[in-house]
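What follows is one structure encoded as structure tokens, with my remarks underneath.
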Amino acid sequence: SESQYDYEVYHSLEEIQNWMFEMNRSRPELVTMLSLGKSYEGRPLFVLQLGKRSCLQKKSVWIDCGVHAREWIGPAFCQWFVKEALSTYKYDSVMTRLLNHLDFFIMPVFNVDGYRFSWNTDRFWRKTRSKNHKFHCRGVDANRNWKVKWCDEGASSHPCDDTYCGPFPESEPEVKAVAKFLRKHKRHMKAYISIHAYAQMLLYPYSYKYAAIPNFNCVESAAQNAVTALYSAYGVRYRYGPAATTLYVSSGSSIDWAYKNGIPYAFAFELRDTGHFGFLLPESLIKPTCTETLKAVKAIASGLLKKC
Amino acid sequence: YQYNNRYAGDQVFRITLTNDTEVQALKKILELIKMDFWQPNSASLIHRNATVDVHVKRNDTQRLHARLKLEKIKYRMLIADLQKEIEKQTGYRSSRKRR
């Protein structure tokens, strides 16, 4: 049951999906479970919609975790977010206001096939698990498969490479399903947040060019508020800024696609750490990492309820 | 052991590149030794003043040590034994229970 679920350990895909069913069953006033479609290997792509029911259409926030299979702290954070949202609704004024005025769409595991493969076979798998009939290698980098500056610098057109962009944009059913959902809800979707690891950064568009986004001031301010909130928890510093200048110019990723498709605030978090454990962040660090990241996400969401 | 102990002896190097000569030298090494890029995500994103984290199989670690020393490229060990870290990550919970 919900009270026994341990949010400070990593969970298998099956455990996470059972947990989602339980969230949906136990908190019907705030939770609706959706399925966006099927993965390459036929697994359901589940999403939890969080928010007080309302007959008025509310602004929405999308959060996906686990685009890259080996980045386990992502799914841990998505589950942490849901747990904190549900347990602090009506007790924490900020979360109460957020759930009353916003709908959150949380996808704890975007790359369900890859995540499962990283649990059972290859701990450092990154890609999806699609097959390429001409090559023995499998999988596409789901963050290089979006229809924006597709397969450019920093992506590879070779199926055996970790940054393989795929045979064509949205070739991956997981990416296609999420893109279709976001396109359908774009009028109300005000923020897109993608959780990755590791590097301790908060990035926003563009990745593929040095130009500044039109609403740079508002997005930069939201990012600054977010990393300030994050720092307030344990004093961990995050770098933030446009992906192209903060990291390197690379081909389009999901945040560029979201922004290009009209979602005004698009962020990618690279969570802890900066390389000491890398993808192997110990379970003992799940709580502090998720606690600080929650503060950042709440800061971003709160900003949506203000004018900028 | 998890993953059938396949990561025993594998290591993660952090390589710091200070100039273009070192960038080219590392790219040459990459042609000889297969590495899994942790950061950045691919070899094409390696550039001057970048830190590069790579996962190297146990049979290649000595060769990489030697090549980096030969090229006088600065590096340090981030993870000396990946299998140990994997076991530690999930707190030695029994793999059967997890799976």
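To find a chain, count down the sequence lines: A is the first, B the second, and so on, and within it residues start at 1. Just so it is clear, the structure is predicted and the values come from calculations on it, not from any experiment.
Tested against Tyr5(A) for a side-chain hydrogen bond (donor to acceptor under 3.5 Å, both in side chains), the candidates Lys83(A), Gln79(A), Glu15(A) yield a single pass: Gln79(A).
For Arg63(B), the CZ atom sits in a packed shell: over 12 heavy atoms of surrounding residues, nucleotides or ligands are nearer than 6.0 Å. With a 6.0 Å radius and a threshold of 12 heavy atoms from other residues, nucleotides or ligands, His276(A) has its NE2 atom at or below the threshold.
Heavy-atom proximity under 4.5 angstrom to chain A picks out Asp36(B), Phe37(B), Trp38(B) from residues 30-38 of chain B. Scanning residues 16-29 of chain B against chain A with a 4.5 Å non-hydrogen threshold yields no residues.
In this structure, Arg123(A) forms a cation-pi arrangement with Trp72(A), its terminal cationic atom sitting closer than 6.0 Å to the ring centre and no more than 45° off the ring axis. Because its NZ or CZ atom is both nearer than 6.0 Å to the ring centre of Phe117(A) and within 45° of the ring axis, Arg129(A) counts as a cation-pi partner of that residue.
Looking at Arg144(A), the atoms closer than 4.5 Å to chain B (heavy atoms on both sides) all sit in the side chain, from C-beta outward. For a residue to count as touching a neighbouring chain, one of its non-hydrogen atoms must lie under 4.5 Å from one of that chain's; by this rule Phe124(A) touches chain B with backbone and side chain alike. Interface remark: Leu78(B) contributes backbone and side-chain atoms alike to the contact with chain A (heavy atom separation under 4.5 Å). Using a 4.5 Å cut-off between heavy atoms, Asp122(A) touches chain B through backbone and side chain atoms alike.
There is no side-chain donor-acceptor pair under 3.5 Å between His68(A) and Asn143(A). Side-chain contact annotation: Ser254(A) with Tyr192(A), donor-acceptor N/O pair under 3.5 Å present. Of the N and O atoms on the side chains of Tyr7(B) and Lys57(B), not one donor lies less than 3.5 Å from an acceptor on the other residue.
A salt bridge does not link Asp256(A) with Lys149(A): every distance from a Lys NZ or Arg NE/NH1/NH2 to an Asp or Glu carboxylate oxygen is 4.0 Å or more. Between Asp141(A) and Lys127(A), none of the side-chain N atoms (NZ, or NE/NH1/NH2) sits under 4.0 Å from a carboxylate O, so this pair counts as no salt bridge. We find that Glu87(B) and Lys84(B) are not joined by a salt bridge, their nearest charged nitrogen and carboxylate oxygen being 4.0 Å or further apart.
Between chain B and the residues Asp161(A), Leu281(A), Asp162(A), the largest count of heavy-atom pairs under 4.5 Å involves Leu281(A).
The ring of His65(B) has its center closer than 6.0 angstrom to the ring center of Phe13(B).
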